[in-house]
Amino acid sequence: MPGAESVAEAERIQQALRQSLVLDDCLPAAPTLVAGVDVSYDKVSPRITAAAVVVDLTTGVEVESVVVPGEVSFPYLPGLLAFREVPLVLAALDRLGHRPDVVVCDGYGVAHPRRFGLACHLGVVTGLPTFGVAKTPFVGSFDEPGVRRGDWSALRDDDEVLGRVLRTQTGVKPVFVSVGHRTSLDRATTLTLDLSARYRLPEVIRRADFLSREALR
DNA sequence: GCGACAG
DNA sequence: ATCTTGTCGC
């Protein structure tokens with residue numbers, strides 16, 4: 001699948017892919033393999049790296065990880081992040097020996113200007129259930145959630161619920177959870193908490209971040 | 001029209 | 001994303 005060559009083309013592709021988005025929950029009752037993906041960028045060159053980490057939720061043990069090198073092929077434009085990161089993330093997922101039950105993305109799903117963020121894009125393109133966990137606000141408004149781990153408030157745009165502002169650690173800044181593809185907001189919330197027993201961000205995202213970053217040098 | 005704007 | 005030390009608190 002070739003990448004978009006212009007903003008107009010990217011937006012056209014985005015709208016087309018959005019037609020295939022599935023919002024029903026298709027996760028197994030007890031998902032076993034959870035993958036986390038992330039991309040790192042070099043400061044002074046077009047070099048980038050994508051990492052994918054798979055963890056067995058029943059044991060909490062990492063079962064596999066891969067890092068793939070590449071180059072930037074699309075500029076960073078809010079609302080079009082997927083066109084910059086998905087190509088290399090796909091390459092990483094392809095090199096995985098396991099087929100994860102769900103993929104956690106570093107960014108947003110439907111909490112997006114056109115309701116089709118990175119997590120939705122990756123989900124539709126791979127067919128895998130996905131959801132996003134972002135570190136900073138993007139679209140929508142929200143009330144500050146309670147200070148305890150597990151407390152959350154709705155991320156919304158008028159009457160539309162776009163996701164949840166979730167406190168994964170007591171007294172720590174919350175994260176923004178939104179659905180990607182074939183995953184419900186409740187499952188995404190539960191999984192995010194399960195994967196964040198110790199830190200603010202899901203373990204798989206942290207590991208993917210570390211691996212992609214170190215591979216850059 | 002003018003800013004804001006995931007990573 | 002990336003640039004970056006010390007510092008406050010458990």
Practice task
Return the value, rounded to whole Å, for the distance between atom CZ of A/Phe116 and atom P of B/dA6.
Solution key: 19 Å

Problem - Protein-nucleotide distance (A/Leu118, atom CG; C/dA1, atom P), rounded to Å - result: 12 Å

Problem - Atom pair distance, as rounded to whole Å: CG in A/Leu80 and C1' in B/dA4 - result: 15 Å

Practice task
Give the nucleotide from the list C/dA1, B/dA6, C/dT2 with an atom nearest to the side chain of A/Lys135.
Solution key: C/dA1

Exercise for the section: Report yes if the distance between the aromatic ring centroids of A/Tyr76 and A/Tyr41 is under 6.0 Å, otherwise no. Expected result: no

Exercise for the section: Determine if A/Tyr76 stacks with C/dA1; use a centre-to-centre distance below 5.5 Å and an interplanar angle below 30° as the criteria. Expected result: no

Practice task
Would you kindly give the CG-to-C1' distance between A/Leu77 and B/dC5, to the nearest whole Å?
Solution key: 11 Å

Practice task
Indicate, with a heavy-atom threshold strictly under 4.0 Å, whether A/Pro113 touches base, sugar-phosphate, or nothing.
Solution key: nothing

Exercise for the section: For A/Phe131, check ring-ring contact (aromatic ring centres under 6.0 Å, His included) against everything at least two apart and list the hits. Expected result: none

Practice task
Name the nucleic acid region contacted by A/Gly79, choosing base, sugar-phosphate or nothing; use a 4.0 angstrom heavy-atom cut-off, strictly under.
Solution key: base

Completion exercise
Taken to the nearest whole Å, CD1/A/Ile205 to C1'/B/dG7 is 12 Å

Completion exercise
Among the nucleotides C/dT2, B/dG7, B/dA6, whichever has the atom closest to the side chain of A/Asp106 is B/dG7

Practice task
Using whole Å, report how far CZ of A/Arg200 lies from P of C/dC10.
Solution key: 20 Å

Practice task
Using only heavy-atom distances, determine whether the side chains of A/Thr168 and A/Ser196 contain a donor-acceptor pair under 3.5 Å.
Solution key: no

Completion exercise
Atom CZ of A/Arg213 and atom P of C/dT4 are separated, to the nearest Å, by 13 Å

Fill in the blank from the handout: Picking from B/dA6, C/dC3, C/dA1, the nucleotide nearest the side-chain atoms of A/Lys43 would be C/dC3

Exercise for the section: Measure the distance between the ring centre of A/Tyr108 and the centre of the six-membered base ring of B/dA6, then answer whether it is under 5.5 Å with planes under 30°. Expected result: no

Exercise for the section: Determine the contact category for A/Tyr41: base if any of its heavy atoms lies under 4.0 Å from a base atom, sugar-phosphate if only primed atoms, P, OP1 or OP2 are that close, otherwise nothing. Expected result: sugar-phosphate

Problem - Between C1' of C/dT2 and CD of A/Glu85, the distance in whole Å - result: 13 Å

Problem - Quiz item: cation-pi between A/Arg206 and A/Tyr199, 6.0 Å / 45° - result: yes

Exercise for the section: Say whether, by atom type as modelled, one donor and one acceptor occur between the side chain of A/Asp42 and the main chain of A/Ser45 under 3.5 angstrom. Expected result: yes

